[in-house]
Structure formats: structure tokens, C-alpha cells
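Only a predicted model underlies this, so the values are computations on that prediction, with no experimental measurement involved. Numbers here simply count residues along the sequence, with the first being 1.
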Amino acid sequence: MFKDKVLLDHGSGGLASQDLIRDIFLKHLDNPFLADLEDSAVIGEIGGRLVFTTDSYVVDPLFFPGGDIGSLSVYGTINDLAMRGASPVCLSLGFILEEGFALFDLERIVSSIARACEKAGVVVAAGDTKVVPRGKGDGIFINTSGLGFLAVDLNISASRARTGDQIILSGTLADHGITILTQRSGLELEGDFVSDSMPLHFLVRELGDFLGEGLHTLRDPTRGGLATSLCEIAGSSGVGITIEERALPVKPGVSSACEILGLDPLYIANEGKCLVLVEAGMADEALKIMRRRPEGRDAAIIGSVTGGSPDKVEMVTGIGGRRLITPLAGEPLPRIC
């Protein structure tokens, strides 16, 4: 009667654990690294500087238009590598499962991970599963670590913004956060809300190849949104930043939803967008490169790095006024990733 649910035995390391690994994880994620079922994977030689990251995913709901916790964990980790200019080599996955979690949903998530890995050209090299008693978790949490490398001599950092840099946003704001909010709350608002979760490393690779040292800063505006990311860059580099409200790309449905709910799209999470800071003379060509790819088809130049008011971010409003942009205070949209 319990064959369709996660049991405590699945985390014991015994026969039930082996069955879970064979019937779900290896079924979808099998590759030479995992097939040996060793305690660690030997990656081999990597041609460049190593880049490493880790993140955890607790999104609610687990499944949403445009993705799920599985694909989100893959793309989110790859994008953290990409924001330093790195190409992903492999991932590790750690699953925290609650007793009673449906095996059907677990396989659905693992299958989504496999598809996301194939799309991104990356493999899962190592994994682990733990099961906690019923009531001690919330279905499933995933920890993902990623290993990547820098094949060229790039130096991309939030501390490298320079006066005169142009700021490009790769696409529309707030798609992921509004999608999660409407799904979790059951809100029926007009608009086709779909998460923007996607990998960005192919886009970044093309930018790096063209811009070289002219590519100064990359940042994905996830939790805290665009506003918080810009404030972090301004603080790290000791520069001022000015953006134009009229230049910000926001889908009409998302804009309407934010207005109805009293939310500011500047502070809503994104999972498949990035900020790109480049030397002014290279911005137009960078924008063309981005718009040729599906990840950047809605890219727009939204502002610039200024010489005045260090550590400050301002927005020129649609009516010509100026608004000081500050980092997010609190967490208006919990569990968006």
C-alpha cells in the first residue's frame, strides 16, 4: 500500500535506497559519472580556471507554468556559474525528501532535471538522498552544486562596473515571481503568466567571446529583483547608477498584476534574466548579439553607470522625476526558488 510513497526506508542506505536510485534516479540521469555509484566522481582535467557554486531550492508550488523545482535547480545553479562567465561542467544534487512524498511526483521532478541537463549540455556527476519523518519537511527540497570553468581570460565581477558603462537587461521583468505568486495563491488574473526559468550560459558565452574585457559585470536579478541587484553592483563598485523607467521591459499582464496586487516589478524575482554591464562603445553590438538568441530577444538598454552619487541607484520616472532605488527590505514573495 506504500509503494507509491517515499518511505523512511528509502533513506536507510539499504535495499529500498538502492531501488530508489535504480528505478528513479539512474533511470533518468544515468551517465558514466553516476553509473559507478561511487562516493565521489572523478571529473578529469578541465581546461580553465575552476568556478564553483551551490544553492538550495524550496519553491512552492513545486510545479508551475514554465518549470518546476527540478528544472529550476538546474538552471539556477548554471546561471550562478554563468554570472562569472563560466561554462558548466557538471552538477551535484542533494534531495531532502519527506516521508509520504509521492514517488510519481519525485520521478516527474527527476525527469524534468534530466531534460534540463540535456538542454543545458551538463551532467549530474554526484547525488545524495535523505528522507526525514512525516511532518519534518515539506515534500522535497533540493540542494544543487555546480562546477564550471573559465576558458578565456575574463574578469567578471560586481566590483568592475565603471563610469560610462551601459546597462542591458536581457528580458522582461518579474515573470517568475508573479507566476509563482498567482499559482500559490490561486489568483485568477488576466494574463498568460509563465516562469522565465532558463539557462543563460550560452548567451553569456557569446557575449564573452565578442566583448572580452569590455564585459565588466553580470548579475541575475533573482531574489530581491532588479532593484536589489543594481544596489549590490553600485555598492560593490562604488559607483552611481541611473536607469530609465520607460526603458524597462515588462509584459502588460505582469504590469497589470503588479498594479492590482500593489507590487513593484523592480523587486520581483526573475530566474532566467541577467544584467549585463559593458563599455559604452560596445553596448549596441552586445544588444544585437543578445537579441539574436531566445534568451535575449526582449533585451533592452535600461540605463548607465554615472560618475556622481557613489553607491546610489536612481530611476528617471516616466514623468521625468527621479526616484531613489533601495534594496529590498523583507521578503514579500517567500519561496520563489
Side-chain angles (χ1 to χ4, degrees), residues 11 13 17 20-21 24-26 28-59 62 67-98 106 109-132 137-151 154 156-158 176 197-202 204-205 218-223 269-272 274 335-337:
S17 296
L20 188 70
I21 291 170
I24 292 183
F25 293 111
L26 284 181
H28 295 282
L29 301 174
D30 190 26
N31 63 70
F33 295 109
L34 284 179
D36 291 338
L37 297 180
E38 298 284 358
D39 288 338
S40 58
V42 178
I43 304 302
E45 296 183 8
I46 297 176
R49 291 173 291 162
L50 295 183
V51 182
F52 183 77
T53 189
T54 189
D55 208 342
S56 298
Y57 296 86
V58 298
V59 66
L62 299 177
D68 53 64
I69 191 173
S71 59
L72 185 65
S73 68
V74 173
Y75 296 153
T77 302
I78 285 175
N79 290 346
D80 284 345
L81 294 172
M83 293 307 100
R84 297 305 302 271
S87 297
V89 174
C90 60
L91 306 175
S92 72
L93 293 171
F95 292 83
I96 307 298
L97 304 175
E98 184 182 14
L106 176 60
I109 290 167
V110 175
S111 176
S112 176
I113 288 172
R115 292 193 301 273
C117 286
E118 182 178 8
K119 178 179 179 180
V122 69
V123 298
V124 176
D128 183 58
T129 302
K130 294 293 186 293
V131 179
V132 299
D138 195 6
I140 180 172
F141 299 147
I142 302 177
N143 175 267
T144 312
S145 294
L147 181 67
F149 70 94
L150 281 167
L154 292 177
I156 298 170
S157 169
H176 179 73
S197 177
M198 69 179 82
L200 297 171
H201 60 298
F202 297 120
V204 168
R205 185 182 301 165
L218 293 166
R219 182 59 64 94
D220 54 341
T222 53
R223 288 176 296 179
N270 312 271
E271 285 293 345
C274 63
R335 298 187 60 180
I336 44 78
C337 64

Checking T53, D55, T54 against S145 for side chain to side chain donor-acceptor pair (under 3.5 Å), the one that qualifies is T54
Indicate yes or no: at least one non-hydrogen side-chain atom of R84 is less than 4.5 angstrom from one of L154.
no
CD1 on I142 to CG on L72, rounded to 0.5 Å:
8.5 Å
What pairs with T222 under side chain to side chain donor-acceptor pair (under 3.5 Å), at least two apart in sequence or on another chain?
none
Using a 4.5 Å cut-off on heavy atoms from C-beta on, say whether the side chain of V110 contacts that of L93.
no
Has H201 got a side-chain atom pairing as donor or acceptor with A120's backbone, closer than 3.5 angstrom?
yes
Those residues at least two apart in sequence (or on a different chain) that pass side chain to side chain donor-acceptor pair (under 3.5 Å) with D80 are none
Where is the tightest heavy-atom contact between I156 and G85, given as atom of each residue plus distance?
CD1-CA, 3.8 Å
If you take all heavy atoms of A35 and D30, which pair is closest and at what distance?
CB-OD1, 3.6 Å
Above 12 or not: heavy atoms from other molecules or residues under 6.0 Å from CZ of R223?
no
Indicate yes or no: at least one non-hydrogen side-chain atom of R115 is less than 4.5 angstrom from one of S71.
no
Going by the side chain to side chain donor-acceptor pair (under 3.5 Å) test, which pairs reach into residues 33-44, not counting sequence neighbours?
none
Could you list the residues that satisfy side chain to side chain donor-acceptor pair (under 3.5 Å) with S73, not counting sequence neighbours?
none
How long is the span from the CG atom in L29 to the CD1 atom in I24, to the nearest 0.5 Å?
10.5 Å
Any side-chain heavy-atom pair of N79 and C274 under 4.5 Å
no
Holding to side chain to side chain contact (heavy atoms under 4.5 Å, CB included), I want the full list of residues that pass it with F141, two or more places apart in sequence or in another chain.
V58, I96, D138, R335
Looking only at atom types and distance, does a side-chain atom of H176 sit under 3.5 Å from a main-chain N or O of I336, one as donor and one as acceptor?
yes
Run the side chain to side chain donor-acceptor pair (under 3.5 Å) test against T144 and tell me which residues pass, sequence neighbours left out.
none
How long is the gap from CG on N143 to OG on S92, to the nearest 0.5 Å?
6.5 Å
Min side-chain heavy-atom separation L34-F25 under 4.5 Å
no
Heavy-atom side-chain contact between L91 and I113 under 4.5 Å
no
So which heavy atom on F149 is nearest to which on V89, and how close?
CD2-CG2, 3.4 Å
With a 4.5 Å limit on heavy-atom distance, are the side chains of L218 and L200 in contact?
no
d(I43 CD1, C90 SG) to nearest 0.5 Å is 3.5 Å
Considering non-hydrogen atoms only, spot the tightest contact between K119 and Y75 and give its length.
CD-OH, 3.3 Å
Determine the minimum heavy-atom distance between C117 and V124, stating which atoms define it.
SG-CG2, 3.8 Å
